[in-house]
Structure formats: C-alpha cells, structure tokens
Amino acid sequence: MKKVVIIGGGASGMMAAIQAARTGAAVTLLEHNEKPGKKILATGNGRCNLTNLVQEPSRYRSSQPDFPWKIITQYPLEDTLAFFSELGIYTKNRNGWVYPYSDQAAGVAQVLELEARHQKVKIKTTEEVTDILREDGQYLVKTATWQYPCDSVIISCGSSASNVEGSSTTGYELAEKLGHTVVKPLPSLCGIRGKDNYYAKWAGSRMDGRITLEIDGETVGEEQGEILFTEYGISGIGVFQLSRYAVRGTDEGKIATYHLDLMPQLTKEELVKLLLDRQQAGSYKNPQELLIGLLPRKMIDVLVKKTYEPEKITERLKDWQVPVKGAYALQQAQICSGGVDPRELTEQLESRLHPGIYFTGEVIDVDGPCGGYNLQWAWSSGAVAGRAAAEEGRAL
C-alpha cells in the first residue's frame with residue numbers, strides 16, 4: 001500500500017486525500033490550521049459556488065493556456081456533480097452557477113471531512129511543513145514537530161490571497177526549494193486601485209455599466225454588470241473578472257485602463273438629447289440638481305461642478321476612464337494568478353523534476369473568473385493528482 005502525504009487541507013487537498021484513499025493509498029493530510037477547509041467556508045460569500053455548468057477552455061487562465069483544460073477533462077463537471085451528490089450535497093443552479101441547496105459552504109467542508117475520515121485519511125492539524133527531503137528511496141515531509149515518510153507528496157497549499165485564516169505562501173516556498181519555477185503570484189478577482197485622487201468623493205456609489213479593459217491600447221476583455229465605486233477606485237464582479245489581466249499588465253509595466261460606459265442602454269446621441277430635455281424641463285434647477293434622479297448623488301458631485309454641458313457629461317458617462325495603479329490589496333483578493341509553471345508538470349500534475357511529487361489547486365499557475373471555476377479547478381486537479389499519486393507501480 002502506497003503512503004501519500006498531502007500538504008494542505010483546502011478544497012483541492014481534501015479532494016486529493018479522498019481520491020487517493022479511494023484508490024487504495026494510506027493517506028495523511030497535514031493542515032496548518034486547527035481544522036481543514038477554512039477557505040472553503042468563505043467561498044461564494046459563504047454559500048460555496050461549487051462549479052459552473054458552462055465549461056470551456058477559455059474559462060481557465062494560465063501562462064500555458066492549453067494546460068488547464070487537459071486536467072479539467074480528466075475530472076469534468078459531471079464527475080464533480082456526481083461526487084458531491086454521493087456525499088449528500090443537493091445542488092441548485094443560478095444561471096449556471098452551481099451552489100449547495102442549503103446555501104451553506106460549511107456543509108461542503110463538513111461532508112468532505114466526513115468522507116475523508118470515512119476513507120481512513122489521517123488528518124493532522126496545526127502542522128506547518130518546513131521541508132520535503134528524499135531519503136532512502138522515499139520522501140520525508142518535515143514539520144516543526146514531526147516527520148512523515150511516504151512514497152508520494154501532494155502539495156495543495158493554496159495561495160496567500162484573501163484575509164481568511166489559512167492563506168499562505170508555503171506552497172510556493174516548497175516548490176522553489178524543490179527547484180521549480182514559480183510564475184510571480186499576483187492578486188486576481190480583486191478590486192482595482194486607480195491613479196486619480198477623487199475616488200473618496202464617489203465612494204459607496206453603485207451603477208450598472210459596461211466595463212472594458214484596455215492594455216497598451218488593446219482591448220483584452222469586456223464585462224457588463226454592477227460597478228462599485230470605492231475610496232481606492234472600482235470594484236464589483238465585472239471589474240473582478242478582468243482584474244487578472246489588469247494587475248499582471250500593470251506589474252509588467254504596461255498601461256492598463258478600465259473604460260466604464262455608465263449609460264450603456266443609450267447611444268451618445270440619445271444621452272445628449274436626454275440631458276438637453278432635462279435641462280429644458282428643469283430650467284429652475286442648478287447644474288447638479290438637473291442630474292438628480294438620473295445618477296447617484298456622489299457621482300453627480302464628481303461629474304458636475306458649476307456648468308451643465310450635455311456633450312461633456314455624455315463623453316464622461318459613456319467613457320469614464322480609470323487608469324490602473326494595481327490591485328487594491330492581496331488580502332482582499334479572492335485568488336492569485338501565477339504559481340508553479342505548468343511546463344514543469346505532467347498531465348497527472350506530477351513534477352517533472354521530482355517524480356512522486358504532485359501539485360494541485362491554486363499553487364499552480366491556473367486561475368479562473370468568478371462563477372465556480374476556481375473550485376472546479378480545485379476539484380479536478382485534486383482528483384487527478386490524488387489518483388495518480390496513489391497508483392501502485394508508478395515509478396519514483
């Protein structure tokens with residue numbers, strides 16, 4: 001019976017543990033928190049967006065764009081839904097976004113732990129891994145207090161994104177100690193810090209709009225939805241969806257700009273006419289009062305000072321530009337982009353440098369947009385690595 005040690009008890013680590021144990025391995029899972037599944041509890045605003053019914057290669061992002069789909073197809077959506085149904089999670093569909101019917105992420109974490117223990121996985125908590133060594137034909141996973149001999153190691157430590165207890169850089173550090181290349185981890189699915197100095201004036205406002213991201217003058221993506229205006233810049237799901245490219249582009253020295261169309265239902269000509277009509281109908285109102293009922297009060301204060309000029313107002317509302325300074329904060333990001341370079345991994349997520357060592361989840365340079373894609377990557381990568389690590393006869 002092969003011995004498998006898994007480092008990290010998040011979504012991909014728990015999946016890897018269950019699949020390795022089901023394949024016949026003796027599995028030990030090391031978690032540095034007092035309980036596994038901490039970050040699962042925060043997913044989907046505490047509701048756990050398990051996956052998404054729309055699955056296609058473009059939903060998964062990486063420095064090696066073809067790599068993620070090779071893993072996803074080995075443990076696809078259908079397998080994920082069947083797995084959680086077997087564990088007792090009844091699901092519901094919100095426009096393709098799949099949630100547990102209970103809307104409680106805690107239930108997902110609980111059934112994963114119950115199944116892991118049922119499969120005789122040894123879960124060791126408050127264990128911080130410091131090193132992975134190769135001795136006498138096997139691996140030795142060292143912690144501050146103990147060492148665990150094994151045939152295979154799965155590194156499932158996640159990333160340092162979010163302020164949830166359990167976020168860490170351990171996976172990247174272990175990968176680099178083993179000689180792996182780590183694509184620089186940067187915040188993703190995050191608010192965007194802009195370069196202008198007026199943002200405190202609009203903080204707390206919300207508007208629906210079309211969001212376009214340009215990098216060095218080239219359009220790289222477009223979203224539509226609610227935009228949140230903050231003291232540091234902008235936020236909201238649409239902003240999040242494009243943030244990977246904005247943050248990485250800025251980090252590379254490129255010029256990234258969000259273009260906001262805050263009245264997408266109207267053409268420029270139609271908006272000019274609307275503003276002129278309001279001016280004619282409200283001749284007794286001052287310039288700011290003419291926009292009451294059309295725009296949030298704080299947006300009016302930023303947009304109009306002393307004069308009411310429909311053409312200039314239209315230009316701003318149809319293309320409000322937010323030059324990107326960077327991510328708001330790593331602690332507020334939902335995930336990181338970057339991680340272990342996929343070129344150094346096989347299609348079973350095994351290290352090409354150290355056979356018998358595997359990587360899963362966010363520690364690899366793969367990420368996705370909002371909507372359950374990052375959890376689907378966790379389930380798929382965990383299942384693929386867990387099964388492969390447990391297979392008898394795989395050469396070390």
Side-chain angles (χ1 to χ4, degrees), residues 45 95 189-243 245-247 249-250 255-329 332 369-370:
N45 291 320
N95 296 318
L189 300 188
C190 58
I192 291 295
R193 188 180 296 278
K195 292 182 178 180
D196 291 314
N197 58 11
Y198 60 81
Y199 301 129
K201 296 178 181 179
W202 71 10
S205 300
R206 298 168 179 252
M207 290 186 71
D208 288 331
R210 184 179 297 118
I211 307 156
T212 303
L213 175 64
E214 279 190 1
I215 297 180
D216 282 351
E218 181 180 346
T219 298
V220 298
E222 186 177 289
E223 296 286 336
Q224 185 130 357
E226 187 178 58
I227 304 163
L228 311 183
F229 299 91
T230 69
E231 72 278 2
Y232 56 80
I234 51 176
S235 186
I237 289 180
V239 172
F240 280 19
Q241 302 291 54
L242 299 171
S243 61
Y245 307 108
V247 173
T250 302
I255 298 173
T257 305
Y258 277 83
H259 295 262
L260 311 179
D261 182 350
L262 300 179
M263 300 291 288
Q265 71 277 24
L266 298 176
T267 65
K268 286 185 178 182
E269 293 75 17
E270 290 169 337
L271 182 54
V272 169
K273 184 179 185 305
L274 173 66
L275 294 173
L276 287 169
D277 289 345
R278 293 176 75 87
Q279 187 176 31
Q280 185 175 4
S283 57
Y284 57 93
K285 298 177 181 178
N286 67 34
Q288 292 187 329
E289 290 169 345
L290 285 168
L291 293 173
I292 294 173
L294 181 65
L295 304 175
R297 180 71 225 195
K298 290 182 178 181
M299 299 300 292
I300 297 173
D301 292 341
V302 174
L303 184 62
V304 177
K305 302 300 181 186
K306 296 180 180 180
T307 59
Y308 184 86
E309 301 175 81
E311 289 81 7
K312 288 187 177 180
I313 294 171
T314 294
E315 287 298 323
R316 195 76 184 276
L317 288 176
K318 294 295 289 181
D319 186 17
W320 200 310
Q321 297 184 19
V322 179
V324 177
K325 185 176 183 179
Y328 168 48
Q332 300 301 320
C370 297

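Keep in mind that this is a model prediction, so the values were computed, not measured.
Listed by first then second residue, pairs satisfying salt bridge (charged side-chain N to carboxylate O under 4.0 Å, His left out) with a partner in residues 189-206 read R206-E226, not counting sequence neighbours.
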| said: Show, in sequence, the C-alpha distance, side-chain angles and deciding distance for K325 and T250, and conclude whether the side chain to side chain contact (heavy atoms under 4.5 Å, CB included) test is met. | reply: CA-CA 7 Å; K325 185 176 183 179; T250 302; over 6 Å; no
| task | Using the side chain to side chain contact (heavy atoms under 4.5 Å, CB included) rule, take C190 and Y328 through it: C-alpha gap first, then chi angles, then the decisive distance, then the call. | result | CA-CA 7 Å; C190 58; Y328 168 48; 5.8 Å; no
| Audit row: C370, L189, side chain to side chain contact (heavy atoms under 4.5 Å, CB included) steps and yes/no | CA-CA 7 Å; C370 297; L189 300 188; 3.9 Å; yes
| query | When you look at F229 and L260, which way does the side chain to side chain contact (heavy atoms under 4.5 Å, CB included) test go after all the steps? | reply | CA-CA 11 Å; F229 299 91; L260 311 179; 4.0 Å; yes
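Contact annotation: the side chain of V239 never approaches that of V322 to less than 4.5 Å [non-hydrogen atoms, C-beta and beyond]. Taking 4.5 Å as the limit, every side-chain heavy atom of T257 sits out of range of all side-chain heavy atoms of V324. The side-chain heavy atoms of L290 and I300, taken from C-beta on, include no pair separated by under 4.5 Å. In this structure, the side chains of P287 and K306 stay at 4.5 Å or more apart for every pair of heavy atoms. Using a 4.5 Å cut-off on side-chain heavy atoms (C-beta onward), Y308 and L275 make contact.
How far OG of S243 is from CD1 of I234: 10.0 Å, rounded to the nearest 0.5 Å. Atom-to-atom distance recorded for E289:CD and Y284:OH is 8.5 Å, nearest 0.5 angstrom. Taken from CG in L262 to CD1 in I227, the straight-line distance is 5.5 Å, to the nearest 0.5 Å. Rounding to the nearest 0.5 Å gives a distance of 12.0 Å between OG1 of T314 and CG of D319. A distance of 8.0 Å separates NZ in K318 from CE in M263, rounded to the nearest 0.5 Å. Once rounded to the nearest 0.5 Å, the distance linking CG of L291 with CD1 of I313 reads 5.0 Å.
For the pair R316 and Y198, the cation-pi test (distance below 6.0 Å, angle within 45°) is passed.
Of all heavy-atom pairs spanning V247 and A327, the tightest one is CG2-CB, 3.8 Å.
With sequence neighbours excluded, the residues that form a ring pair (Phe, Tyr, Trp, His ring centres under 6.0 Å) with W320 are W202. Among residues two or more places apart in sequence or in another chain, the side-chain hydrogen bond (donor to acceptor under 3.5 Å, both in side chains) test is passed with Q279 by none. Checked against side-chain contact (heavy atoms from CB on, under 4.5 Å), K312 has the following partners two or more places apart in sequence or in another chain: E309. Under the side-chain contact (heavy atoms from CB on, under 4.5 Å) criterion, K298 pairs with S205, sequence neighbours left out.
Within 6.0 Å of atom CD in Q265, more than 12 heavy atoms from other residues, nucleotides or ligands are found, so the atom counts as buried in its surroundings. No more than 12 heavy atoms of other residues, nucleotides or ligands shown are found within 6.0 angstrom of CG on N95. By the 6.0 Å contact criterion, CG on L274 is enclosed, its count of non-hydrogen atoms from other residues, nucleotides or ligands being greater than 12.
Between E311 and K268, none of the side-chain N atoms (NZ, or NE/NH1/NH2) sits under 4.0 Å from a carboxylate O, so this pair counts as no salt bridge.
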Side chains of residues 208-220: which donor-acceptor pairs under 3.5 Å do they make with residues two or more places apart or in other chains?
{"unit_1": "R210", "atom_1": "NH1", "unit_2": "D261", "atom_2": "OD2", "d": "3.2"}
{"unit_1": "T212", "atom_1": "OG1", "unit_2": "E222", "atom_2": "OE1", "d": "3.4"}
{"unit_1": "E214", "atom_1": "OE1", "unit_2": "H259", "atom_2": "NE2", "d": "3.3"}
{"unit_1": "D216", "atom_1": "OD1", "unit_2": "I255", "atom_2": "N", "d": "2.9"}

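Side-chain N/O atoms of R297 and Q288 include a donor and acceptor closer than 3.5 Å.
Checked by atom type and distance alone, the side chain of E270 pairs as donor or acceptor with a backbone atom of T267 at under 3.5 Å.
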